[in-house]
Structure formats: structure tokens, C-alpha cells
Amino acid sequence: MKYDHKSIESKWQKKWEEAGVFHAESDSDKKKFYALIEFPYPSGQGLHVGHPRSYTALDIVSRKRRMQGYNVLYPIGWDAFGLPTENYAIKNHVHPKIVTENNVARFKSQLQALGISFDWSREINTTDPKYYKWTQWIFLQLFKNGLAYKKEMAVNWCTSCKCVLANEEVVNGVCERCGSEVVRKVKSQWMLKITAYADRLINDLDLVDYPDRVKAQQKNWIGRSTGAEVDFTTTTGDILTVYTTRPDTLFGATYMVISPEHPIIEKLSDVIKNMDEVRAYQDAAARKSDFERTEVAKDKTGVRLDGVEAINPVNGKQIPIFISDYVLVSYGTGAIMAVPAHDTRDHDFAKKFDLPIIEVVKGGENVQEEAFTDCATGILVNSDYLNGLSVDDAKKKIIEELEKTGKGHAKVNFKLRDWVFSRQRYWGEPIPIVHCPCCGAVPLPESELPLELPEVESYEPTDTGESPLAKMTDWVNTKCPKCGGDAKRETDTMPQWAGSSWYFLRYMDPHNDNALASEEALKYWSPVDWYNGGMEHTTLHLLYSRFWHKFLYDIKVVPTPEPYAKRTSHGMILGENGEKMSKSRGNVVNPDDIVNTYGADTMRLFEMFIGDFENAAPWNSSSIKGCRRFVERFCGLESMVKGDGIRPELESAFHKTIKKVGEDVETLKFNTAIAALMALINDIYATGSVTKEELKIFTILMSPFAPHAAEEVWELAKLGEGFVSRAEWPSYDESKCVDASVEIAVQVNGKIRDKIMVPVDIDQAGALELAKKSDKVSAFTDGKTIVKEIYVKGKLINIVAK
RNA sequence: GCGCCUGUGGUGGAAUUGGCAGACACGCUGGAUUUAGGUUCCAGUCCGAAAGGGUGCAGGUUCAAGUCCUGUCAGGCGCACCA
């Protein structure tokens with residue numbers, strides 16, 4: 001058969017679509033399998049070669065599961081709200097809706113050209129009012145349950161564009177677009193109380209099958225720590241509360257650091273003698289993004305408050321108070337006690353400002369030179385009643401004492417912060433809230449959903465930092481749903497994360513107007529069986545959607561406490577030079593070029609063969625040819641058919657390959673599955689022909705990887721009825737996967753001296769007897785005493801001789 | 001600064017989880033086919049003439065280490081200096 005990838009691929013893509021081969025069945029008594037990939041943001045650049053890596057992987061799994069009789073749901077949609085589309089719209093004066101439509105059309109044709117077995121009848125789009133009606137509905141439920149609230153928060157403010165910037169738009173402290181200075185400005189923002197779920201988000205990781213590195217990263221992000229809050233009195237009689245995870249080191253606290261934004265500074269502005277210096281430092285800190293505060297970490301900065309000191313509650317010592325930007329107002333109490341002897345950052349700071357370093361935990365070298373931070377081995381010293389205790393015991397004891405004297409208490413803290421949910425942007429879901437002078441923030445009645453985005457003239461935010469919606473007075477001015485008086489609509493929109501926090505539920509029943517999905521659909525399809533995505537979404541999207549799902553579970557909308565039973569993560573595809581693909585680095589590969597030149601089947605095989613799916617892999621254009629050659633060799637089998645049945649000399653190879661491919665697909669080892677198929681085809685070619693049965697099995701095994709070529713071979717060689725995509729996955733016989741005899745290595749003192757053939761079930765005595773007959777072995781054992789003999793079945797013998 | 005990940009032939013990568021390092025490909029070399037190029041097919045290909053030596057580097061545990069432990073170097077990615 002001549003292999004013309006263009007005609008073959010478009011032929012089968014059309015036939016699949018016409019026959020609805022990949023549609024999930026709505027009413028089915030079959031076992032379900034729900035495979036999910038992270039739906040793409042349809043960017044203007046078109047598909048990236050990274051997208052097909054994830055999509056092809058779960059496509060292979062889905063295709064195999066279909067052939068194994070599962071009712072498979074493998075859906076696709078568009079996460080289409082977002083900043084780049086809005087910025088493109090501002091620049092080119094095109095409605096973001098049009099931009100989105102164009103980008104979606106391009107993405108869709110690119111994806112369809114790859115032959116991914118998505119169920120296109122369930123396609124969704126987060127910017128469709130029929131979809132975001134339910135995003136808004138979920139927000140209303142969160143609001144009604146007290147999980148959405150408003151709070152003053154710092155935002156990035158471009159002094160020239162006069163608008164709020166995303167962190168991404170702030171580059172080195174200046175606005176990405178105009179290069180002007182960016183400052184932090186306080187604005188009232190909608191917040192979601194994800195912290196209320198912090199404990200459950202950690203604990204319920206036990207219920208799911210995620211990779212360890214994903215679980216660890218989520219736990220670190222949520223960051224549960226057990227410590228204490230301790231009250232320090234100041235010389236002015238005020239109370240400064242600090243949070244510490246090391247209350248045991250309290251006697252070693254030699255100074256205190258508070259964040260530059262700490263409210264006590266304003267309160268004490270009359271007492272502080274160097275207020276000018278303090279103000280200057282506050283200004284400088286306000287200009288820094290959080291990331292910059294991180295970058296300057298090496299060189300600690302700070303200002304000592306002149307005129308006020310703190311009093312250590314356990315020993316009455318007066319200690320100086322500093323402000324420094326390495327203490328963040330958002331974590332703990334915004335104030336720390338500094339123990340330079342046992343904390344690296346405090347040590348750096350103390351050295352710079354020449355502050356005393358007092359050792360209170362014995363066990364390290366000289367604490368004047370380096371902080372000793374080991375909690376496991378240290379013993380308390382210089383600490384009055386704590387002396388001689390271990391760190392753990394000292395923590396318990398001091399907390400007891402603090403609680404007794406009312407100067408502090410045990411406290412669990414989380415690094416996790418509440419989710420800032422407002423954006424001063426146009427291209428997002430409107431927040432369905434009305435602000436009434438009498439009734440406050442009033443939720444829109446559910447019957448008025450969706451609250452659609454109005455048409456505006458321009459998409460630029462206003463000079464005051466409000467969203468462009470604020471300019472639409474007709475839309476903004478409304479009546480209060482509660483009292484009927486004049487009121488104004490909320491003009492902030494939701495972040496892109498909103499639509500992606502529940503989209504997997506919508507796929508279950510995408511056209512439902514009465515609920516986000518029907519109860520039956522939710523019950524049948526929940527939870528997602530397998531969710532693959534990038535590591536970069538581990539702490540935001542994955543956590544946000546788990547949070548929303550848990551909330552929906554609590555209000556009895558969804559039937560499972562966790563949305564995803566299993567999560568896997570693919571590695572990034574890097575440029576040929578081993579760096580991340582980006583326009584500026586000039587190492588971007590366009591998937592269209594590969595599909596045009598070599599075909600989708602080659603592209604699919606190549607991306608799966610490129611390396612370990614879970615690790616990053618550099619693009620390597622020279623080895624694409626090998627995958628193309630493999631597809632051609634596979635198609636070449638069609639003209640070599642002779643006879644039927646599996647020939648005895650290939651029987652074990654076939655059984656082994658069926659087993660290996662099946663197992664490797666389930667464990668994401670696509671590269672070795674393909675290698676096994678390549679090895680088998682080499683074996684077949686070595687015999688000069690192929691039987692019909694052999695070709696049938698081989699074609700079925702090939703079909704998840706190279707589905708178009710497989711359909712063509714299936715049809716031409718008349719291997720079965722209908723589509724190979726709906727054929728039955730072959731089974732294997734375990735007993736035929738093992739050979740009667742096996743070659744094992746014979747080592748003497750760990751070095752290989754010979755290899756011998758032995759029956760596969762031979763015992764240690766038998767194997768050793770055979771091994772000792774070898775001259776190559778005896779040459780190394782003669783005249784020595786055999787100390788030890790090790791036999792590993794089917795692998796090796798090791799004779800230890802002295 | 002912190003966190004996570006990765007270091008194996010000329011190249012991408014395998015290695016049943018502590019048991020024969022280099023599967024499968026790419027590339028290269030030689031040969032066959034071809035007017036030639038391409039394609040295809042056959043043979044070879046970790047280094048070393050050999051003894052041996054080899055998984056970033058230095059130690060350690062073990063009969064046995066790419067795999068486990070300690071230290072260290074390099075690269076990549078992420079970040080909210082998390083007390």
C-alpha cells in the first residue's frame with residue numbers, strides 16, 4: 001500500500017466524525033471511563049507542540065479503553081476568557097468575542113487534524129453565556145454561604161496607564177507595556193475563602209491517586225504549620241503579637257521585625273522619632289513587587305524604629321523593633337520575633353545590623369558564625385526553665401507557660417491565602433452582585449442569570465482602575481433586587497480560574513439549561529477517572545477546582561468529595577536547545593509543519609516516543625524520521641500477507657507485546673510501548689511475511705498510536721468489520737509470555753565471567769551446577785574458597801570466592 | 001534565598017525498581033540495489049589493542065549500586081523571603 005498521509009488522514013477523520021465513533025453514550029449500562037485533559041486557552045499563536053503531548057497520551061488511553069468495552073468520555077472545550085485576548089482586542093479594536101471565535105476555529109482545525117478522539121458533540125466554551133450562567137450561579141452559592149467577601153487588597157498599579165496590572169504584566173518593577181513605574185495600590189476586592197477548606201484540601205489527598213510530587217507540592221503550598229502566637233508588650237504599652245513556629249527559642253529573641261505595612265506604625269507615628277526614614281522605607285517597599293522583595297533577599301534591608309522597643313515576655317528584656325520588607329503583612333501576624341542564632345534569615349539580618357546573637361539550642365558549631373536550625377538533635381540552653389529539654393519538649397513546655405500567663409497560645413497557621421477573585425477587566429464573567437446604598441451587596445436572583453457582558457466601545461480600564469464596565473452607565477445603574485431602590489452593579493469580573501474550576505462537570509451534560517449538569521449525569525460520570533495536566537497548574541487550578549468541588553459537595557450538588565480520582569502530569573516539551581520554547585528564544589516548533597510534512601500519525605508517535613512522558617524532553621527533529629519510517633513499515637505489511645494464525649516462532653513475541661503495550665499505556669510508558677511495537681515489526685519483517693491474524697493483532701495494537709494508518713490497513717487487508725477504533729483489544733496468555741529457557745549471567749565476585757542457558761524454573765543448586773561447569777567461571781574460582789553463592793531466578797548467579 | 005525536578009554513548013532515550021548498563025530509535029561507517037541522488041535491504045557502532053574501565057563529581061552501605069545513603073557541582077522549572 002502506498003502511504004499518502006494527507007489523503008488517508010482526512011478520509012478517516014471525516015468517517016469518524018460522520019459515524020460519531022467517539023461519542024460518549026448518555027444512557028449506558030457499560031462501565032464508564034472519564035478521561036480529562038486541561039482544556040486549552042485558545043491563544044492567537046495557535047496550537048503549541050506541548051498541547052498534543054498531553055492530548056495524544058490520554059487519547060491513546062481512551063482509544064484503548066473503548067476497545068476494552070468502556071463507555072469513554074473524552075471531551076474538549078475552550079478556556080477562553082483572559083488577558084491576552086483582551087489586550088489584543090484593545091490594541092486592534094476588535095471585540096474579544098471575535099478574537100476568541102477566530103482563535104477557537106484555528107485550534108479546532110489543528111486538533112482535528114491530529115485525529116484526537118475527542119467527543120466534539122460536547123464541546124464547551126467558558127465565554128458562552130449558557131456556560132458562564134453556571135459559573136455565576138456557583139459564585140452566588142459561595143456568596144450565600146459566606147465564602148465570598150470583600151477586602152482591601154494591594155494591587156499592581158501602573159502610574160502611566162492608570163490601570164491595574166496582573167503580576168505577569170509587571171516586569172522588573174515596571175509596566176510591561178509602557179515601561180513606567182508600577183506601585184502597589186489598595187483596592188477593595190472580592191475574595192473567596194479557600195482557607196476555610198485548607199485542612200480538608202490536605203487531608204483528602206489521602207482519597208486520591210496523585211503523583212507524590214503533586215501531593216507534596218499542594219501540601220507545601222497550603223503549608224500547615226503548628227506554632228504559637230506570643231504577645232510582646234512595647235515600651236509604649238501597646239501589644240505586638242508575633243507568630244512563630246519556634247516558640248522554644250523565645251529566650252533567644254534579640255530583636256523584632258514587623259512588616260512595613262504593619263498598622264502599629266501609624267498608631268505610634270508620634271512616638272517614633274525617625275518617622276521620615278520609616279516613611280521613605282515604606283514607600284520603597286510599596287514600589288516593590290512581591291517577587292522583587294524576594295530577589296533582593298541576599299542583601300537584607302530595614303529601619304530600626306527610634307523611640308519604641310518591645311519587651312520579651314519571658315525575661316523582660318527590652319529589644320529593638322525593625323521594619324523590613326522580608327516580613328510580609330499577609331502571613332501570620334505580620335510581625336516576627338527574631339532569633340538570629342537559630343534562623344538563617346534572622347542571622348543574616350543580625351550580622352548586617354550588628355545585633356546580639358544568643359545561643360539557646362546547643363548542638364551546632366559557633367552560632368556567631370552560622371545559625372543552627374536542626375530541631376531534631378538540639379538541647380535547650382540559656383533558657384531558664386527550658387534548659388536541658390529537647391526542642392519538641394521545650395515547645396510544649398513554653399506553650400503551657402504562655403497559656404498559663406496569658407501571654408500567648410498554640411496556633412495553627414497556613415501559608416495558603418484567600419483567593420483574590422476580582423479583576424478590573426472586561427473579558428471575564430460579570431460578578432452577579434448589586435450594590436445598594438440601603439441593603440449593601442445583594443446577590444442577583446438566580447432567575448436573572450446569566451448576567452451577560454454588555455457591549456462596550458473600548459476595553460481599556462478606566463483611569464480610576466475600575467473595569468471598562470463602569471463606563472456603561474445604562475448597565476451599571478439598576479434596581480436593588482431586595483428593596484427596589486436605585487443601585488449599581490458590581491463592575492469587576494471574575495478571574496480566568498473561575499470557568500476552569502468546574503468545567504469537567506459541564507462535559508457530563510453540556511447542554512442542560514436547568515442545572516450545571518443533571519443529577520443522573522453527575523452520578524454516572526463522577527468522578528473524573530484520569531486527569532492529566534501540567535505541573536504548573538498543581539497549586540492554582542488544581543487546588544481551586546478541588547476547593548469548588550468540595551463546596552459543591554457540601555451543598556449537595558455533586559456526589560463525590562473529590563473531583564479527580566487520578567491525576568498525572570506530563571513534562572514540558574523544550575526547544576531543540578534544551579530551553580523552554582518561546583518566540584524570543586527563536587526555538588518554537590509549529591505542529592502544523594510536522595503534520596503537513598510527515599502526517600498526524602508520525603507526529604503522534606514522535607511526541608510519545610520523545611522520552612519519558614512525565615519528564616521534560618527537548619525537541620529532536622532528527623528522530624521524527626524514525627517514526628515516519630515505522631508508520632511506512634507498518635503500512636508495508638499489508639502487501640506481505642500470507643496464511644493465517646500466529647506462527648509458532650512469533651507466538652511468544654506477540655503475547656509479550658500485547659502484555660507490554662497494554663501495561664505501558666496504563667502507566668504512561670508510551671515510549672517503551674512504541675519501542676516494543678518496533679521490535680515486533682522487526683521480528684515480523686525478518687520472516688519476510690505476515691499472517692492475517694498477526695496483522696490483525698498488530699493493527700489493533702497500533703491503532704491508539706497511529707489511528708489513521710491503522711484504519712487504512714484494517715480496511716485494505718479486510719481484517720474485520722467496521723472501524724478498527726471499535727475493534728476488540730486483544731488478550732494475552734501469561735504462560736506464553738515466558739520462554740522455556742533463559743540466559744543468565746554468571747558472576748564471580750560481582751564481575752561477569754560467563755553467560756549460560758538454563759531452564760527457566762531451575763533451582764539454585766541446579767543453576768550453580770551448570771555454572772560451575774564453565775571453564776570461564778572455574779578459571780576464577782579454582783584454588784579459592786567459595787564464601788557465598790547468590791542466585792536470582794532468571795537473572796544471574798554470583799559466586800563469592802576468596 | 002526557598003522549593004521541586006533532571007544529569008546515562010556522537011544524539012533522544014531504555015534498564016521488570018538493588019540483579020547482565022546502553023533496549024528502541026536517530027546519526028555515523030562499510031556493503032548490496034540504483035546511471036546518480038533519494039528510498040530500501042544487510043553488517044557494524046559505549047571507550048580501550050588487551051587486561052580492563054565506564055551512568056556529572058567525591059565518599060559510603062551491599063555478594064551486587066544508574067537505582068539506596070552523605071556531601072558536592074552543573075542545568076532546568078516554579079516561587080508568596082512563610083518566620
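These numbers were taken from a predicted model, which means no experiment stands behind them. Labels below follow one simple rule: chain letters A, B, ... track the order of the sequence lines, proteins then strands, and each chain is numbered from 1.
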* Asked: Charged N to carboxylate O under 4.0 angstrom, A:K669 versus A:D664?
  -> no

* Structure fact -> Residues passing the salt bridge (charged side-chain N to carboxylate O under 4.0 Å, His left out) test with A:K736, sequence neighbours excluded, are A:E651

* Asked: What residues form a ring pair (Phe, Tyr, Trp, His ring centres under 6.0 Å) with A:F630, not counting sequence neighbours?
  -> none

* **Test side-chain hydrogen bond (donor to acceptor under 3.5 Å, both in side chains) applied to A:K193 - qualifying residues, sequence neighbours left out** => none

* **A:N532: partners by side-chain hydrogen bond (donor to acceptor under 3.5 Å, both in side chains), with sequence neighbours left out** => A:S54, A:T568, A:H570

Check the interface with nucleotides 48-56 of chain B: list each N/O to N/O pair with the protein under 3.5 Å, or write none.
from: B:G52; atom 1: OP1; to: A:R753; atom 2: NH1; distance (Å): 3.4

Identify each donor-acceptor pair in which a side-chain atom of residues 794-801 of chain A lies under 3.5 Å from a protein atom, sequence neighbours left out, and give them as a table.
from: A:N798; atom 1: OD1; to: A:G750; atom 2: N; distance (Å): 3.0

* Who passes salt bridge (charged side-chain N to carboxylate O under 4.0 Å, His left out) against A:K656, sequence neighbours left out? -> A:D739

* Asked: Considering residues at least two apart in sequence or located in another chain, which fulfil the ring pair (Phe, Tyr, Trp, His ring centres under 6.0 Å) criterion with A:W497?
  -> A:Y544

* Structure fact -> Whether each nucleotide of nucleotides 17-26 of chain B has a protein heavy atom under 4.0 Å at its base (B), only at its sugar-phosphate (S) or at neither (-) is summarised, 5' to 3', as --BBS-BBSS

* Not counting sequence neighbours, which residues clear side-chain hydrogen bond (donor to acceptor under 3.5 Å, both in side chains) with A:R567? List them please. => A:E38

* Structure fact -> Residue set satisfying ring pair (Phe, Tyr, Trp, His ring centres under 6.0 Å) with A:F654, at least two apart, ordered chain then number -> none

* Rounded to whole angstrom units, what separation is found between the CG atom of A:L543 and the C1' atom of B:C79? -> 15 Å

* Structure fact -> For RNA chain B, the dot-bracket notation using Watson-Crick and G-U wobble pairs below 3.5 Å, [ ] for pseudoknot-type crossings and | for other-strand pairs, is (((((((..(((......[....)))((((((.......))))))((....))..(((((..]....))))))))))))....

